[in-house]
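This report concerns only the one structure given below.
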Protein chains: 4
Amino acid sequence: MPRISPERREAKRAEIVAAARRCFSRDGFHQTSMPDIAAEAGVSAGAPYRYFASKEEIILAIAEDAFGLVFRPVERLAAVSEAASVAELVAASLEALSVDTVTDATGRSVSVEELLRCAVQAWSELLRNEAVRTPAVEGFEVVRRSIAAALGRGQKAGAVPITADPENSARVVMGLLHGYLLQRVAFSLTDTAGFSEDVTVLLGGGAQCEAPAR
Amino acid sequence: MPRISPERREAKRAEIVAAARRCFSRDGFHQTSMPDIAAEAGVSAGAPYRYFASKEEIILAIAEDAFGLVFRPVERLAAVSEAASVAELVAASLEALSVDTVTDATGRSVSVEELLRCAVQAWSELLRNEAVRTPAVEGFEVVRRSIAAALGRGQKAGAVPITADPENSARVVMGLLHGYLLQRVAFSLTDTAGFSEDVTVLLGGGAQCEAPAR
Amino acid sequence: MPRISPERREAKRAEIVAAARRCFSRDGFHQTSMPDIAAEAGVSAGAPYRYFASKEEIILAIAEDAFGLVFRPVERLAAVSEAASVAELVAASLEALSVDTVTDATGRSVSVEELLRCAVQAWSELLRNEAVRTPAVEGFEVVRRSIAAALGRGQKAGAVPITADPENSARVVMGLLHGYLLQRVAFSLTDTAGFSEDVTVLLGGGAQCEAPAR
Amino acid sequence: MPRISPERREAKRAEIVAAARRCFSRDGFHQTSMPDIAAEAGVSAGAPYRYFASKEEIILAIAEDAFGLVFRPVERLAAVSEAASVAELVAASLEALSVDTVTDATGRSVSVEELLRCAVQAWSELLRNEAVRTPAVEGFEVVRRSIAAALGRGQKAGAVPITADPENSARVVMGLLHGYLLQRVAFSLTDTAGFSEDVTVLLGGGAQCEAPAR
DNA sequence: CATGAATGAGCATTCATTCAT
DNA sequence: TATGAATGAATGCTCATTCAT
């Protein structure tokens with residue numbers, strides 16, 4: 001087999017990543033062996049090493065996908081919102097994750113359920129794996145700042161309580177999002193719409209009534 | 001007739017648990033070997049097996065401690081609160097975790113930081129470990145119901161928006177708590193008081209402004 | 001009909017051998033992988049297999065080059081010497097190796113240092129590799145007999161002690177040569193001229209005292 | 001099994017070393033796997049790791065034994081000789097290696113044949129393994145200086161040609177010894193006594209005949 | 001002819017667990 | 001009881017070799 005086309009190479013890499021994601025989602029990072037991944041992908045034991053230098057690199061790739069799944073929609077929403085209230089921001093973010101599949105950078109369909117399970121494991125991993133932590137924390141900071149900026153604009157527009165600190169409030173927004181994710185994959189949260197509605201009721205009311213009072 | 005007194009046995013078990021907690025917090029469940037734990041505890045390699053049947057049992061014990069650390073104060077607060085608003089409930093729960101150490105059932109001091117790091121890992125673990133999941137989910141449900149009940153009382157007292165669904169709102173409360181914990185151990189949240197204040201501003205306002213409207 | 005000319009084929013084979021020699025000299029036979037050799041030669045991973053059936057064949061080719069480097073000059077000197085003393089034979093042999101490069105059968109320049117390092121490794125290899133041992137031992141025997149014959153002629157001419165046994169003495173000559181090589185590549189022998197001089201002093205005396213007999 | 005006595009531990013370590021020596025002698029350092037060594041020693045695959053941190057450590061231990069076998073007798077002879085000629089020093093050194101077995105530091109019998117085969121492989125190894133090279137080169141230097149000193153004393157006593165340089169001559173002595181060893185294990189030298197005799201004739205005759213003859 | 005992707009057996013090493021002492 | 005030596009299955013990874021393109 002001579003040099004394969006970049007497309008085929010990319011496709012095979014994606015298959016290995018998909019296989020790893022299924023394994024990791026089902027069995028966990030550390031209960032999945034490299035032979036497990038290879039078998040799930042239908043390739044030989046050595047094949048993944050042509051695409052990733054080590055198991056850690058596969059974990060890292062999937063952790064980045066998982067963090068991206070969570071961070072990217074929020075960042076995008078924060079960037080485009082004109083005068084979003086906290087409730088609107090959270091609700092829209094949760095909405096963005098209320099799908100069964102997303103499409104990755106190469107157009108492939110990826111199970112949200114699987115990737116969120118990997119995300120929870122990636123939280124464990126980043127605690128003591130520098131290679132996972134660094135991009136995760138940087139990604140988080142980017143999102144947080146983006147949210148803070150949106151909330152600042154919201155304050156000017158009266159949609160966000162003027163007494164709120166945008167930096168802290170951005171953390172509250174991320175906290176709600178992360179807390180939702182954890183319940184969804186680990187604590188049998190099925191009524192995701194209900195969660196979102198109550199976030200709106202609890203937060204949204206607060207913001208709206210404040211404005212006149214001040 | 002035991003050769004060692006129950007007190008000494010309990011003390012040794014606690015030392016092994018403490019050693020495991022330090023190891024797990026530092027290196028993770030799966031990067032920590034049983035010999036590591038034994039060495040950290042200063043006992044022989046076989047000793048932990050006189051107190052735990054397997055490594056999984058140690059993980060389980062620590063996961064239960066970790067979940068208990070998070071759930072117990074919330075449950076207690078929910079149980080005793082008369083007419084708590086959501087904001088008060090969350091703020092009090094966060095407050096309860098703003099300590100460096102807690103005291104376990106046998107009166108030993110336990111590092112909150114260490115145990116919270118174990119909690120995040122336990123979230124991973126429960127995804128595919130039945131023995132961890134079952135008590136965790138049950139514990140969560142107990143807390144959730146307790147919060148829901150408190151919020152129901154809060155609605156009657158006008159401290160919680162009447163349009164909120166107590167079941168869903170209880171999940172929001174837990175979501176905020178879990179999201180806070182994750183940021184604290186994984187995403188460099190240092191201003192825990194600031195987080196709590198903004199939770200109060202964002203949520204608390206909502207509850208308070210409703211009252212006059214009714 | 002070959003697609004490439006015999007010259008180009010020979011040239012490519014020589015490049016692969018040269019690359020293998022560099023790798024083997026630097027990293028050892030068994031720490032060098034076939035991909036290492038291919039990369040060093042700037043060819044594809046499969047290319048060496050069009051010239052050698054296996055890695056062992058490359059090792060064999062280089063081992064033969066290495067043994068040839070040592071044996072050939074000695075044999076030639078022994079063959080042409082008329083009445084050489086032992087000291088003269090050894091000194092001339094060492095002299096022949098006091099160059100930085102030699103020219104191989106196809107006129108290519110080869111590093112003596114590199115090839116001697118391969119020779120030491122080939123000694124290990126021949127201990128348990130029949131394919132390396134057989135030609136090595138045969139080559140050694142040829143040289144030994146050649147030296148023995150030369151020493152026999154030397155005895156008749158009075159240049160070699162009459163009490164010496166040419167067969168044994170030939171082994172002593174080879175022993176000195178091998179011992180010199182080992183020190184040169186492994187035990188930091190830098191004053192190769194000094195070594196040679198002292199061989200002459202120590203052995204030459206024997207030869208010289210015979211001189212009056214002439 | 002509680003702590004075993006130092007004697008038993010030492011005995012087991014020695015068994016593993018002996019098994020490794022047999023394997024290495026038969027198959028070579030790099031063709032011998034750790035499971036091979038364990039099987040040869042009759043222990044489990046993990047057992048050697050309780051005595052050696054890695055395969056390299058076993059190689060190192062055996063390489064040191066092998067170098068010691070060669071160096072130690074020579075050094076001892078050089079140290080005690082009063083006015084040794086070069087021939088006497090070499091002959092005595094060869095004599096010391098003309099045994100089938102030697103006794104190691106713990107009183108165990110070790111096959112000389114096996115250890116010499118390991119020595120030749122250790123020469124390869126030291127070319128690119130710092131851990132093997134350093135002690136080997138240091139050991140060599142100690143022996144070389146010891147020989148040089150003995151030859152210096154020999155010069156004063158008239159047993160060594162005054163024109164010889166002790167430093168270089170010491171290298172010649174080591175060269176003869178190493179050359180002999182190589183032929184013995186690799187080039188079918190069986191008449192070791194004959195080799196030794198001719199060394200004496202060629203070297204010793206020289207020295208002895210010089211003085212009176214002239 | 002040449003390429004380099006793929007194979008899959010093999011290796012060094014680790015570690016949860018057992019059990020003789 | 002407590003110890004820690006021993007086990008042996010499992011793991012991440014390598015690499016000689018093949019062969020489809």
Side-chain angles (χ1 to χ4, degrees), chain A residues 1-5 8-9 12-13 30-39 41-58, chain B residues 1-4 8-9 12 30-39 43-58, chain C residues 1-5 8-9 12 30-39 43-58, chain D residues 1-5 8-9 12 30-39 41-58:
Chain A
M1 300 172 191
R3 175 182 280 112
I4 61 177
S5 67
R8 276 192 55 74
R9 184 177 167 82
K12 187 149 188 184
R13 193 194 126 111
H30 302 291
Q31 282 64 38
T32 297
S33 72
M34 288 297 275
D36 288 343
I37 295 171
V43 298
S44 71
Y49 288 92
R50 289 194 62 76
Y51 298 86
F52 299 93
S54 64
K55 184 179 174 182
E56 194 191 316
E57 257 192 24
I58 304 185
Chain B
M1 188 192 297
R3 297 287 183 82
I4 62 173
R8 279 194 51 74
R9 184 174 167 83
K12 190 156 183 183
H30 302 291
Q31 281 64 41
T32 297
S33 72
M34 287 294 273
D36 287 343
I37 294 171
V43 299
S44 70
Y49 285 90
R50 296 197 61 78
Y51 300 85
F52 299 93
S54 65
K55 184 179 173 181
E56 194 191 314
E57 262 194 19
I58 304 185
Chain C
M1 187 191 297
R3 299 286 183 84
I4 65 171
S5 68
R8 277 194 53 73
R9 184 174 166 82
K12 190 157 182 182
H30 302 290
Q31 281 64 41
T32 296
S33 72
M34 288 293 274
D36 287 343
I37 294 171
V43 299
S44 70
Y49 285 91
R50 296 198 60 78
Y51 299 86
F52 299 93
S54 65
K55 184 180 174 180
E56 193 191 314
E57 261 193 20
I58 304 185
Chain D
M1 298 173 192
R3 176 181 278 111
I4 61 176
S5 67
R8 276 193 55 74
R9 183 175 167 82
K12 187 150 188 185
H30 302 291
Q31 282 64 38
T32 297
S33 72
M34 288 295 275
D36 288 343
I37 294 171
V43 298
S44 71
Y49 287 91
R50 290 194 62 76
Y51 298 86
F52 298 93
S54 65
K55 184 180 174 181
E56 194 191 316
E57 256 193 25
I58 303 185

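Each chain gets a letter, A, B and so on, in the order the sequences are listed, and its residues count up from 1.
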**Request:** Using the closest heavy atom to pick a nucleotide of DNA chain F for each, name whichever of D:R8 or A:K55 lands nearer the 5' end.
**Result:**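 Result: D:R8.
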**Item:** Nearest-nucleotide 5' precedence on DNA chain F, A:T32 against C:H30
**Value:** A:T32
**Asked** From B:Q31 CD over to A:H30 NE2, what is the distance, rounded to the nearest 0.5 angstrom?
**Response** 4.5 Å
How close or far is atom [atom2] of [N] from atom [atom1] of [X], stated in whole angstroms?
X     : N      : atom1 : atom2 : answer
D:R9  : F:dA6  : CZ    : C1'   : 12 Å
A:Y49 : F:dT11 : OH    : P     : 12 Å
C:Q31 : F:dT14 : CD    : P     : 15 Å
A:I37 : F:dT11 : CD1   : P     : 12 Å

Looking at the side chain of [X], which of [options] is the nearest nucleotide?
X     : options                : answer
D:M34 : E:dA12, F:dG12, E:dA16 : E:dA12
D:S44 : F:dT11, F:dA6, F:dA2   : F:dA6
A:P35 : F:dT3, F:dT17, F:dG12  : F:dG12

**Request:** Indicate yes or no: at least one non-hydrogen side-chain atom of A:I4 is less than 4.5 angstrom from one of A:K12.
**Result:** no
**Message:** Measuring only between side-chain heavy atoms, which start at C-beta, is D:Y51 closer than 4.5 Å to D:E57?
**Reply:** no
Nearest heavy-atom pair of [X] and [Y]: which atoms, and what distance?
X     : Y     : value
C:M34 : C:S54 : CE-C, 4.4 Å
A:T32 : A:K55 : O-NZ, 2.6 Å
B:A38 : B:A45 : CB-CA, 3.9 Å

**Prompt:** When Watson-Crick pairs (N1 to N3 and N6-O4 or O6-N4) and G-U wobble pairs (N1-O2 and O6-N3) count only below 3.5 Å on both distances, what is the dot-bracket string of DNA chain F, with | for other-strand pairs?
**Reply:** .||||||||||||||||||||
**Asked** For DNA chain E, whose closest nucleotide is more 5', that of A:V43 or that of B:D36?
**Response** A:V43
**Message:** Need to verify one output field. Residue with the more 5' nearest nucleotide on DNA chain E, C:G46 or B:A45?
**Reply:**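 The residue whose closest nucleotide sits nearer the 5' end is C:G46.
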**Message:** Categorize A:Y51 for me: base, sugar-phosphate, or nothing, with a 4.0 angstrom heavy-atom threshold over every strand shown.
**Reply:** sugar-phosphate
**Asked** Across the strands shown, which category fits A:S5 at heavy-atom distances under 4.0 angstrom: base, sugar-phosphate, nothing?
**Response** nothing
**Asked** For F:dT1, does either OP1 or OP2 sit under 4.0 Å from a side-chain N or O belonging to B:K12?
**Response**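 The answer is no; no side-chain N or O of B:K12 sits under 4.0 Å from OP1 or OP2.
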**Request:** Respond yes when some side-chain nitrogen or oxygen of B:R50 is under 4.0 Å from OP1 or OP2 of F:dA2, and no when none is.
**Result:** yes
